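The basis for the numbers below is simple: all heavy atoms, side chains too, and nothing from hydrogens, waters or symmetry mates. Remember, it's a predicted structure, so these values are computed and weren't measured experimentally. Positions are given from 1, in the same order as the sequence printed here.
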Amino acid sequence: MIKINNLASVIIILLISIMLAYASFSGKQSEAYLFPKIITSVMIILSSLSLVHYFFETKKIAEINISKLSIYLISLILFIFFGEILGFYFLTIILFLTVCYFYSEHKSFKIIIYNILITSLFMLFIYFLFSILLKVQVPRFFLF
């Protein structure tokens, strides 16, 4: 277990939100940066609310279990390195199923089927969002 001060994490997230907002609002094509502007504005609002909530909260230190987060970190690293080889949609399905299975409390066949159903709906939503609604290509991997 690692003990993390909530104030440090809230301030770091607020600074990251402000930097992303600066990058999205400084773009020359306003239509292309509409979605990032909306997302970064929401991020700034939520991180500011978290900062306000920090001062009204009585518990100031959070405990984080690194062993529970390790499967997520490993999955993300594999997602980045094998992204170009296996493709965005396939790797997103694998990542989503892995995280859902690992974090579910009861690992029964019914839960596995439920996770597959939720993953399928999630992937349909992602496909609909990128291909039909936004009419853009799926994200490319930046390390390659």
In this structure, CD1 of Ile111 is separated from OH of Tyr101 (nearest 0.5 Å) by 11.0 Å
I would like to know whether Phe25 and Ser41 meet side chain to side chain contact (heavy atoms under 4.5 Å, CB included); could you show each step before the answer? CA-CA 10 Å; Phe25 280 96; Ser41 300; 3.8 Å; yes
Around Phe102, counting heavy atoms of other residues, nucleotides and ligands shown, do more than 12 lie under 6.0 Å from its CZ? yes
Kindly indicate whether the side chain of Ile126, heavy atoms from C-beta on, has any atom under 4.5 Å from the side chain of Thr92. no
Are there over 12 heavy-atom neighbours, none belonging to Lys107, within less than 6.0 Å of that residue's NZ? yes
Find the distance between CG (Leu124) and OG1 (Thr119) and round it off to the nearest 0.5 Å. 11.0 Å
What is the distance from atom CD1 of Ile18 to atom OG of Ser48, rounded to the nearest 0.5 Å? 7.0 Å
Out of curiosity, does Tyr127 fall in the hydrophobic cluster containing Phe122 (side-chain heavy atoms, cut-off under 4.5 Å, transitive links)? yes
Might you point out which heavy atoms bring Ser50 and Val10 nearest each other, and give the distance in Å? C-CG1, 4.0 Å
Test side chain to side chain contact (heavy atoms under 4.5 Å, CB included) on Ile94 and Phe90; report intermediate values, then the result. CA-CA 6 Å; Ile94 300 284; Phe90 181 70; 3.9 Å; yes
Looking at CZ of Phe96 and OG of Ser120, how far apart are the two atoms once the value is rounded to the nearest 0.5 Å? 10.0 Å
Cluster link Ile118 to Phe128, ILVMFWY, side chain under 4.5 Å: yes
Dump the intermediate steps for side chain to side chain contact (heavy atoms under 4.5 Å, CB included) on Ile112 and Ser108, then the final yes or no. CA-CA 6 Å; Ile112 293 172; Ser108 65; over 6 Å; no
Give, for atom CD1 of Ile13 and atom CD1 of Ile11, the distance between the pair rounded to the nearest 0.5 Å. 11.5 Å
Hydrophobic clustering (ILVMFWY, side-chain heavy atoms < 4.5 Å, transitive) - are Leu121 and Leu129 grouped together? no
Give the minimum heavy-atom separation between Ile93 and Met123, together with the two atoms involved. CG1-CG, 3.3 Å
Heavy-atom closest pair (Thr40 atom, Ser17 atom, distance to 0.1 Å) is CB-O, 4.5 Å
In this structure, are over 12 heavy atoms from other groups packed under 6.0 Å from Tyr103 atom OH? yes
So, do Ile71 and Val99 sit near enough that their side-chain heavy atoms are less than 4.5 Å apart? no
Hey, are the side chains of Phe109 and Ile113 touching, using non-hydrogen atoms and a 4.5 Å cut-off? yes
Can you tell me how far apart CZ (Phe79) and OH (Tyr72) are? Round to the nearest 0.5 Å. 9.5 Å
Hey, any chance Ile38 and Ile45 share a hydrophobic cluster, counting ILVMFWY side chains that come within less than 4.5 Å of each other, even indirectly? no
Give me the atom names and distance for the closest heavy-atom approach of Leu14 to Ile44. CD1-O, 4.2 Å
Side-chain heavy atoms nearer than 4.5 Å, only ILVMFWY residues, links allowed to pass through others: does that put Val42 and Ile39 together? no
